[in-house]
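Okay, so here's the structure we're looking at.
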Amino acid sequence: MERMQFKHFLQFYDFDREEYEYIFERARWIKQEFKQYRQYWPLADRTLAMIFDKNSTRTRLSFEAGMHQLGGAAIYLSTRDTQLGRGEPVEDAARVISRMVDIIMIRTHEHDIIKRFAENSRVPVINGLTDEYHPCQIMSDIFTFTEYRGDISGKIVAWIGDANNMCNTWLQAAEIFDFKVHVSTPPGYDICPEQIGVMDATHYEVFANPRKAVINADLVTTDVWTSMGFEEETEQRKNDFAEFCVNTEMMALAKKDALFMHCLPAHRGEEVSAEVLEGPQSVVWDEAENRLHTQKALMEYLLLGKLTDK
Ligand code: CP
Ligand code: NVA
């Protein structure tokens, strides 16, 4: 039997702008239906497996609740208590798990792990965060920006802090949505655009001084100084990132109506001040909620394709 064509969502580059526009349109409709308590069960007989190799609140909840709300079922698997944690090859796990479920989400360490998993999977695989990328989060962030301010094309996004999975994904997204990222990271924590396939330097600019990076920004965003898996560097990073706190003074340098985003969890007093996180420019709670709506649209797209084409 010939296998149906299917796609994975492992990094932001995996979709083009038109696909994101389609997913956003669906997410808007799905969100509106959900808010009206209207049942929508297009994935009634589908099962999602969620494999976690790192902690999570938002990603687990939004995928699990999202799959239930679409009429399907979700199964949580942790590497701590599956055979993956005892050395079963990723390739074998992928071959087995993908025979039993319809779609798989993975949160893990090196991107190579999810790539190998996807290469051996019979069903779509979604990246729920790797050391290198967090595409579901940036999808939600851009959707949230659009809700507040309309099209993100031509806008300036200031990234302040670590050159981590969030930063890398913003850099990929800038090319696809045609906006500019002003990046400011401490010395020694520089971005490596070519390692993440970003060859076009017109969509980002590097600033040594974070205060210069936020000038004229439409969106200021940051993330924890120490990502999961790098905990032994925490104390060193607290020193190295000391000048990279997004506080009220820094926000005042951005555009007057600039938004503030953070994927959460946040450390008040480190990468962001409590005033900014809780302040009028912060949209972090909508940003978190939109994980649910955008990922429901993502799963619908990966499993059912473009509904309007049918
Ligand atoms: N932002 C995000 O992915 O949160 P969790 O780590 O709680 O899933
Ligand atoms: N950069 C953070 C994001 C957490 C959602 C991490 O990888 O830990």
Side-chain angles (χ1 to χ4, degrees), residues 9-12 48-67 74 76-80 104-114 126-145 157 159-173 181 183-186 189-192 196 219 221-234 236-238 240-241 244-246 260-268 270-272 277 282-296 298-299:
F9 186 49
L10 306 186
Q11 53 178 321
F12 212 83
L48 163 74
M50 306 180 296
I51 304 169
F52 282 91
D53 204 2
K54 292 176 176 171
N55 292 37
S56 170
T57 299
R58 280 144 288 266
T59 303
R60 177 178 176 180
L61 188 59
S62 52
F63 271 107
E64 192 164 338
M67 195 50 165
Y76 173 80
L77 299 167
S78 154
T79 45
R80 277 187 293 276
I104 299 166
M105 186 241 86
I106 308 182
R107 168 168 286 195
T108 188
H109 293 274
E110 299 87 34
H111 196 72
D112 184 57
I113 298 172
I114 200 168
I126 298 170
N127 181 350
L129 181 147
T130 55
D131 289 350
E132 291 86 348
Y133 305 113
H134 198 0
C136 292
Q137 183 68 56
I138 302 303
M139 192 170 64
S140 174
D141 294 5
I142 294 176
F143 180 79
T144 307
F145 184 91
V157 175
W159 175 267
I160 308 300
D162 193 17
N164 63 11
N165 40 17
M166 285 289 296
C167 175
N168 287 343
T169 313
W170 272 116
L171 292 173
Q172 288 195 343
V181 186
V183 190
S184 189
T185 59
Y189 296 89
D190 311 297
I191 56 166
C192 302
I196 54 161
L219 167 63
T221 184
T222 186
D223 186 16
V224 291
W225 291 340
T226 305
S227 285
M228 292 181 279
F230 298 85
E231 286 79 4
E232 72 282 1
E233 299 174 15
T234 303
Q236 180 66 47
R237 283 169 172 263
K238 276 187 186 166
D240 297 344
F241 285 76
F244 287 74
C245 175
V246 179
F260 173 77
M261 287 191 194
H262 189 309
C263 65
L264 306 176
H267 293 80
R268 290 168 174 78
E270 291 187 17
E271 75 275 5
V272 59
L277 192 74
S282 171
V283 293
V284 298
W285 316 116
D286 288 329
E287 183 189 357
E289 179 193 318
N290 281 332
R291 294 287 304 277
L292 175 71
H293 312 302
T294 50
Q295 288 162 196
K296 283 164 81 174
L298 171 69
M299 289 191 285

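Just so you know, ligand 1 is whichever comes first in the structure, and atom 1 is the first atom listed for that ligand. Just so it is clear, the values below take in all heavy atoms, side chains as well, and ignore hydrogens, waters and symmetry mates. Heads up: numbering here begins at 1 and tracks the sequence. Owing to the predicted nature of the structure, the values given are computational and were not obtained by experimental measurement.
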Enumerate donor-acceptor pairs with a distance under 3.5 Å from any side-chain N or O in residues 223-230 to protein atoms, sequence neighbours excluded.
unit_1: D223; atom_1: OD2; unit_2: N164; atom_2: ND2; d: 2.8

At under 4.0 Å between heavy atoms, which part of L264 makes contact with ligand 2: side chain, backbone, both or neither? backbone
Near ligand 1, which protein residues have a heavy atom under 4.0 Å away? S56, T57, R58, T59, R107, H134, Q137, C263, L264, R291
CD1 of I106 to CD1 of I113, rounded to nearest 0.5 Å, is 9.0 Å
Once rounded to the nearest 0.5 Å, what's the spacing between atom CD of Q137 and atom CG of L264? 7.5 Å
How far is atom 1 (N) of ligand 2 from the closest protein heavy atom, and which atom is that? D223 OD2, 2.6 Å
Which bit of D131 gets closer than 4.0 Å to ligand 2, counting heavy atoms only: side chain, backbone, both or neither? neither
Check whether the side chains of S140 and N290 place a donor and an acceptor atom closer than 3.5 Å, and report yes or no. no
What do you reckon, are the aromatic ring centroids of Y133 and F12 less than 6.0 Å apart? no
Please write down residue, atom name and distance for the protein heavy atom closest to atom 7 (O) of ligand 2. N165 ND2, 2.8 Å
Rounded to the nearest 0.5 Å, what separation is found between the NE2 atom of H267 and the OG1 atom of T222? 11.5 Å
Decide whether an N or O pair under 3.5 Å exists between S227 and ligand 2. yes
Nearest 0.5 Å, please: how far is CD in E289 from OG1 in T294? 10.0 Å
Sequence-distant partners of A49, side chain to side chain contact (heavy atoms under 4.5 Å, CB included), two or more places apart: L77, I97, V101, I104
Checking a contact table here: which protein heavy atom is nearest atom 8 (O) of ligand 2, and how many Å away? M228 N, 2.8 Å
Can you list everything that forms a side chain to side chain donor-acceptor pair (under 3.5 Å) with H262? Sequence neighbours excluded, please. E271
Option set L129, N164, V224, N55, criterion heavy-atom distance to atom 4 (C) of ligand 2, minimum: L129
